[in-house]
S.K.: 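Structure provided below as structure tokens; questions to follow.
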2 protein chains.
Amino acid sequence: MSGQNPEQLCDTLDDSSHRSARQRERDALIIAAATAEFAAAGFENARLEDIAQRAGVAKGTLYLYYADKAALFKAAVRSLIQPALARLQERVMLADGSAVDLLRESLRQIYREMTTDGARRELVRLLIADGRRFPDLGDFYHDEVIAKGTATFRMILWRGIATGEFRHTPAEEFPHLLLAPCIALSNWKLMFGDRHPLDVERYVEAHLQFVLGAIAASPTVAAIDSLPATSPAPTPGSAV
Amino acid sequence: MSGQNPEQLCDTLDDSSHRSARQRERDALIIAAATAEFAAAGFENARLEDIAQRAGVAKGTLYLYYADKAALFKAAVRSLIQPALARLQERVMLADGSAVDLLRESLRQIYREMTTDGARRELVRLLIADGRRFPDLGDFYHDEVIAKGTATFRMILWRGIATGEFRHTPAEEFPHLLLAPCIALSNWKLMFGDRHPLDVERYVEAHLQFVLGAIAASPTVAAIDSLPATSPAPTPGSAV
DNA sequence: AGACAAAATGACTTGACAGTCATTTTTAAC
DNA sequence: GTTAAAAATGACTGTCAAGTCATTTTGTCT
């Protein structure tokens with residue numbers, strides 16, 4: 001009860017400073033293998049034997065690098081979270097075009113990242129499925145991705161308000177509202193895979209047009225570069 | 001490979017028609033206990049012994065009602081999905097007020113259901129976490145909740161367009177856009193629990209105002225009954 | 001090359017839990 | 001009240017995977 005839990009303080013066993021090149025190389029292999037297996041099977045169903053085999057290493061070797069399965073899981077998930085937002089933030093910082101274009105491109109980039117890397121796409125599943133067991137991973141994700149992403153989109157909004165492109169909306173307080181359709185699509189994919197296809201191209205454009213309609217200062221701004229043919233009365237059920 | 005998988009065809013062992021009152025009663029107890037345990041621990045970590053104990057029944061008894069753990073899981077999840085949308089659909093069918101009010105109340109009701117029942121709130125977690133292992137559950141959820149919900153909100157939109165309250169927007173094709181902030185909040189709760197609090201009251205009202213701003217025919221419609229004090233330039237970081 | 005240390009291995013131990021089934025208890029029928 | 005069938009029980013078995021550690025392999029220094 002009193003005192004500290006040493007497992008919490010030290011996930012990796014060695015201080016990573018004094019390590020041979022071979023060791024750092026193997027660590028990378030192990031993390032890559034663990035990432036793949038955990039993403040494919042989740043925490044419970046992933047087998048350390050499989051991870052070891054995929055990394056080209058014996059099971060016992062894993063324990064030279066990580067204290068136990070949980071430590072390996074945390075390290076693997078952290079490695080997925082780490083580099084998530086770098087490019088987006090950079091782009092927004094040194095953007096010079098219109099805020100409308102900036103917002104469009106930022107959202108499109110998020111969709112792009114969502115649909116490319118397989119393991120990255122499974123990150124959210126891991127955080128939801130096993131998040132209660134590893135709350136510090138959720139906190140890390142919050143600080144590294146959510147908080148920074150929220151701040152970034154708020155900056156885009158302010159820029160657009162300054163240039164007269166956007167009006168004041170509740171999205172200033174909750175930029176989540178701009179990003180929610182991305183999250184909804186992510187959930188759709190996680191729940192249904194490809195069993196209930198959705199026209200992602202159209203969905204993305206619909207999202208952009210909808211959001212711009214909600215925040216644009218004048219209706220005309222939102223209309224530029226919208227869907228080639230946005231049927232005013234679509235066939236019912238076409239989106240399901 | 002050829003032939004059929006009998007386990008898939010028959011989840012419950014008995015045809016539920018010829019059953020004593022005592023048996024139906026016990027079945028209900030078992031499902032309730034299973035629901036609670038699965039919601040609390042997920043499929044892998046839930047222990048049949050605990051479910052049995054919670055239901056006041058021996059472990060072996062479970063196997064008189066369900067073929068195995070997977071069958072019990074499916075039955076439990078289905079029982080959560082089943083009654084989800086009844087009230088919402090009913091209300092929309094016999095609504096007579098303005099479409100704006102109808103949309104507002106419908107969304108508020110979804111938030112209300114999200115925040116009341118504990119097991120129901122965990123449903124999405126189960127579907128995401130263990131969905132790949134039980135795709136038929138995901139399909140069932142899609143047909144019973146998503147498809148019907150989508151259709152219902154599309155009806156609300158059309159009603160509003162007919163009365164001149166709403167304009168044509170991409171939300172007609174993808175009503176998901178209206179609901180996405182609900183899903184985003186759900187994910188927030190699933191990932192962070194109460195570790196990163198969000199002012200849900202304000203969030204809900206922000207959502208309503210934002211969405212109405214996106215679809216209202218004239219700006220004035222959206223403004224009615226909005227937040228008491230929607231600060232145009234909120235303190236940065238106030239929403240995290 | 002030899003000798004010592006560090007790293008890696010994988011057969012083994014351990015614990016946990018899904019599923020079984022011989023036995024006991026309950027219900028219903030006469 | 002007796003008896004037969006149905007329902008319920010929980011000790012037991014088999015399996016599977018996390019974690020250990022005595023042994024082997026690899027690397028380094030003289």
Side-chain angles (χ1 to χ4, degrees), chain A residues 5-7 10-34 36-38 40-76 130 133-134, chain B residues 5-7 10-31 33-34 37-38 40-76 130 133-134:
Chain A
N5 182 350
E7 191 268 332
C10 166
D11 275 0
T12 61
L13 294 178
D14 263 325
D15 195 323
S16 56
S17 43
H18 48 76
R19 273 189 163 187
S20 71
R22 179 193 172 92
Q23 274 172 322
R24 265 180 277 111
E25 188 182 296
R26 287 204 131 178
D27 191 22
L29 280 174
I30 289 171
I31 287 295
E37 287 290 329
F38 283 128
F43 178 74
E44 291 295 336
N45 288 93
R47 294 170 49 222
L48 289 186
E49 198 121 28
D50 292 346
I51 293 175
Q53 189 172 10
R54 192 189 276 250
V57 145
K59 184 151 67 115
T61 307
L62 300 180
Y63 289 90
L64 299 175
Y65 289 78
Y66 299 94
D68 55 13
K69 192 182 183 182
L72 180 54
F73 180 75
K74 287 189 196 177
D130 304 307
R133 190 189 281 241
F134 305 105
Chain B
N5 181 351
E7 190 268 332
C10 166
D11 275 1
T12 61
L13 294 178
D14 262 325
D15 195 324
S16 54
S17 43
H18 47 80
R19 274 188 161 186
S20 71
R22 181 195 170 90
Q23 275 173 319
R24 265 180 278 110
E25 188 183 294
R26 287 204 131 179
D27 191 22
L29 280 175
I30 288 171
I31 286 295
E37 287 289 329
F38 282 128
F43 178 75
E44 291 295 337
N45 289 94
R47 294 173 47 222
L48 289 185
E49 197 121 27
D50 292 345
I51 293 175
Q53 188 172 11
R54 190 189 277 249
V57 145
K59 182 151 69 116
T61 307
L62 299 180
Y63 288 89
L64 300 175
Y65 290 78
Y66 298 94
D68 54 12
K69 191 182 184 184
L72 180 54
F73 180 75
K74 288 188 194 177
D130 304 307
R133 191 189 282 241
F134 305 105

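What you see is a predicted model, and the numbers here were worked out from it, not measured in a lab. Order of the sequence lines fixes the chain letters, A, B, ..., with proteins taken first and strands second; residue numbering starts at 1 for each chain.
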S.K.: List the residues meeting side chain to side chain contact (heavy atoms under 4.5 Å, CB included) with B:Ala41, not counting sequence neighbours, and say none if there are none.
M.R.: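 So B:Ala41 forms a side chain to side chain contact (heavy atoms under 4.5 Å, CB included) with B:Asn45, B:Ala46.
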S.K.: I'd like to compare against my own output: the B/S/- annotation of nucleotides 16-22 of chain D with a strict under-4.0 Å heavy-atom distance to protein.
M.R.: -SBBB--
S.K.: Does OP1 or OP2 of C:dA8 have a side-chain N or O of A:Arg22 closer than 4.0 Å?
M.R.: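 Yes, because at least one side-chain N or O of A:Arg22 sits under 4.0 Å from OP1 or OP2 of C:dA8.
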S.K.: Can you measure B:Leu62 atom CG to C:dT20 atom P for me and round it to whole angstrom units?
M.R.: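 So the two atoms are 12 Å apart, to the nearest Å.
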S.K.: Rounding to an integer number of Å, can you tell me how far B:Gln23 CD sits from C:dT27 P?
M.R.: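 The distance from CD of B:Gln23 to P of C:dT27 comes to 12 Å, rounded to the nearest Å.
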S.K.: To check you understand the geometry: which heavy-atom pair defines the closest contact between B:Ala70 and B:Phe43, and what is its length?
M.R.: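 It is CA-CE1, 3.9 Å.
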S.K.: Over its full length, what angle do the end axes of the helix from C:dA1-D:dT30 to C:dC30-D:dG1 make, each axis taken from five pairs and the result rounded to 10 degrees?
M.R.: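 End-to-end axis angle: 10°.
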S.K.: Looking at every heavy atom in both A:Arg26 and A:Gly56, which two are closest together, and how far apart are they?
M.R.: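 Of all heavy-atom pairs spanning A:Arg26 and A:Gly56, the closest is NH2-O, 4.0 Å.
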S.K.: Between A:Arg26 and C:dA7, is there a side-chain N or O to OP1/OP2 distance below 4.0 Å?
M.R.: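 A:Arg26 to C:dA7 OP1/OP2: no side-chain N or O under 4.0 Å.
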S.K.: Quick one: list whatever passes salt bridge (Lys or Arg N to Asp or Glu O under 4.0 Å) with B:Asp130, sequence neighbours left out.
M.R.: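 B:Asp130 satisfies salt bridge (Lys or Arg N to Asp or Glu O under 4.0 Å) with no other residue.
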S.K.: Residues two or more places apart in sequence or in another chain: which of them pass salt bridge (Lys or Arg N to Asp or Glu O under 4.0 Å) with A:Glu44?
M.R.: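 So A:Glu44 forms a salt bridge (Lys or Arg N to Asp or Glu O under 4.0 Å) with A:Arg133.
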S.K.: State, with a plain yes or no, whether a side-chain heavy atom of B:Gln53 is found less than 4.5 Å away from one of B:Glu49.
M.R.: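 With C-beta onward as the side chain, the pair stays apart.
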S.K.: Please enumerate all residues that pass side chain to side chain contact (heavy atoms under 4.5 Å, CB included) together with A:Ala34, with sequence neighbours excluded.
M.R.: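 Listed in chain order: A:Phe38, A:Ile51, A:Leu72, A:Ala76.
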S.K.: Over how many whole Å does the gap from A:Gln53 atom CD to C:dT9 atom P extend?
M.R.: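 For the pair A:Gln53 CD and C:dT9 P, the rounded distance is 12 Å.
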